[in-house]
Amino acid sequence: MAKLTRLRGFQDQLGAEAEMLSLVEARAKEVARRYGLGEIRIPLMERIQLYERSTGETSDVVAKQMYIVKHAQESSAADTMVLRPEGTPGVVRAYIEAGLDRSDPEQRFFYCGPMLRYERPQKGRFRQFHQFGVEVFGRADPACDAELLVMIDDLRRELDLELDFEVNSLGCGECRLAFREALLAFGRAHLESLCADCHARLERNPLRIVDCKTDAALAEQAPKSIDYLCPDCRRHFDAVLDLLRYSGVAVTVNPRIVRGLDYYVRTTFEVSSRTLGAQNAIAAGGRYDGLVESLGGVPVPGIGFAIGLERLTMAMSPQDRHARAVAAAAGGHAKPPTARSDSRQAPFIDAAVLALGEEALPKAAALAREIRHSGLAVEFVSPARGLKAQLRRADRAGARFAVIIGEDELSRGVATLRDMTSGAQRDVQLEQAAQAVSAAAAES
RNA sequence: GUGAGUGUAGCUCAGUUGGCAGAGCACCGGGUUGUGGCCUCGGUGGUCGAGGGUUCAAGUCCCUUCACUCACCCCA
């Protein structure tokens, strides 16, 4: 039989890797809670039209990266379903569907979960990846824009990371029109020197010319959106920058932050790491004031961002990752029982219960359960092998204590309680064995 | 979609001008009839990514293909 492998661009996360992601996710949720955000859970699939009308049909994400889902028996062309490539459109849809735009427009959400995009995988880029995202509705004021950046900075501090913050303003619909014209004029004027990609961009998405890396010098000369801001947009952007300066978040204004999604207006931003390679964007977002309306709701401004969780964990140093993973895996344990189990990928346990012989088996199984009821993590070791192998398993599982019940113990009505770190062991009465284990665990 | 690099044991990798597929780690067992880690002795484990070609003989040379990795593009 041919071996079945995981799909290209998809990954399994085992042990420490999974622990790391859970840990980062927990930190992000904690920070979100402090910023008054409530959780929202939305479907993994939506109608394709949702993304066509929000993210934009010309964006790469919609044009060539979506997974279309087909039911085995039924399919309806009118309702083409796709796996979500990003979170924002779904959240906006849910917001409108719940009638919040009319009844209670100011809402603050966070979400967390997998996103799927069909792309060629590389370092930091996967077909399924996880995002932690934030969406705020009903706030048009610059303080809200600044606050989201500050929030990301808080998370950055919690995780002790060095990250670069870059912001830009695309302007509102009005100033974008003028900016777009200027870009097209620039493109036509330099038609010969533009790279092949930029020729295509000129047609599809002129904004992206600014972002060209093939000819950085030329891109440098291209018109910048911040030079085309109307007075209102200018004031808004300046206010955001002032607030950030006052908050002590070091940001750089980068006119090349144009974003690939159609719905962005005014403030856009990217947060990146210097240690990640080519795919260094860890978080990105921006304002989308017209989006709720264009998806059928009443006009409500909105702004949000998403963090790539895999990239965030990758940005942590290896030593840091290891230390954190071990700490997370160890649970409440100060240190693992042996040096060897230091490299363990799974959680450490408090006790391993070993049974020797048929007679001891039910007693041992019952004892394991009783110890668990006191809140400790217990593994009932397979009794199919000898004591030596069972003890080795106990060590491998990272157990602090081994509780042994064999012929000898049974005849005396006791269990042997062995401290796996010191090797010291003593008899405890079978009836009090569970209390003895939890008492021993409590003092070590 | 484009380009480059890499595919040998579960993992990390040796493998000479083509000549019997190896090491370390991991795993299992003995040394200890009921005592883990350290030590020691032994053992299990391979379609050499796949298919074809050249040759008396291919892990090694040639062609094709697949996968992985990195980069372009794009993005979290």
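Keep in mind that the numbers below use all heavy atoms, side chains included, and drop hydrogens, waters and symmetry copies. Order of the sequence lines sets the chain letters (A, B, ...), proteins ahead of strands, with each chain counted from 1.
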In whole angstrom, give me the gap between the P atoms of B/rA9 and B/rU60.
15 Å

Calculate the interatomic distance between A/Met420 atom CE and B/rC38 atom P; express it in whole Å.
12 Å

Looking at A/Arg8, does any N or O in its side chain come under 4.0 Å of the phosphate oxygens OP1/OP2 on B/rC68?
yes

Neighbours of RNA chain B within residues 281-290 of chain A, by heavy-atom distance under 4.0 Å:
A/Ala281, A/Ile282, A/Ala283, A/Ala284

Which atom pairs link the protein and nucleotides 1-7 of chain B when you take only N or O atoms and keep those under 3.5 Å?
unit_1	atom_1	unit_2	atom_2	d
B/rU2	O4	A/Arg120	NH1	2.5

How about A/Asp289 and A/Tyr263: does a side-chain donor come under 3.5 Å of a side-chain acceptor?
no

Could you tell me whether A/Glu407 contacts a base, only the sugar-phosphate backbone, or nothing, with contacts defined as non-hydrogen atoms closer than 4.0 Å?
base

Regarding A/Glu409 and A/Thr416, do their side chains bring together a donor and an acceptor under 3.5 Å, going by distance alone?
yes

Residues pairing under side chain to side chain donor-acceptor pair (under 3.5 Å) where one sits in residues 108-121 of chain A, two or more places apart or in two chains, turn out to be A/Gln65-A/Glu119, A/Arg108-A/Glu147

Under-3.5 Å N/O pairs linking protein and nucleotides 41-50 of chain B:
none

Would you sketch RNA chain B in dot-bracket for me? Only Watson-Crick or G-U wobble pairs with both distances under 3.5 Å count, crossing pairs as [ ], other-strand pairs as |, the rest as dots.
(((((((..((((.....[..)))).(((((.......))))).....(((((..]....))))))))))))....

With a non-hydrogen cut-off below 4.0 angstrom, is A/Phe126 in contact with a base, only sugar-phosphate, or nothing?
base

N/O to N/O distances under 3.5 Å, protein versus nucleotides 28-32 of chain B:
unit_1	atom_1	unit_2	atom_2	d
B/rG29	OP2	A/Arg392	NH2	2.1

Checking all strands, does A/Ile404 fall into the base, sugar-phosphate, or nothing category for heavy-atom contacts under 4.0 angstrom?
base

Which is true for A/Gly423 with a 4.0 Å heavy-atom rule: it touches a base, it touches only sugar-phosphate, or it touches nothing?
base

Side-chain contact, heavy-atom cut-off 4.5 Å: A/His130 with A/Glu310?
yes

Need one value for A/Gly277: base, sugar-phosphate or nothing, where a base atom within 4.0 Å counts as base even if backbone is also close, heavy atoms only.
sugar-phosphate

NA contact type, A/Gln11, heavy-atom cut-off 4.0 Å: base, sugar-phosphate, or nothing?
nothing

May I ask you to say what A/Gln425 touches in the nucleic acid, namely base, sugar-phosphate or nothing, with a heavy-atom cut-off under 4.0 Å?
base

Verify the contact: side-chain N or O of A/Gln122 to OP1 or OP2 of B/rC70, cut-off strictly under 4.0 Å; return yes or no.
no

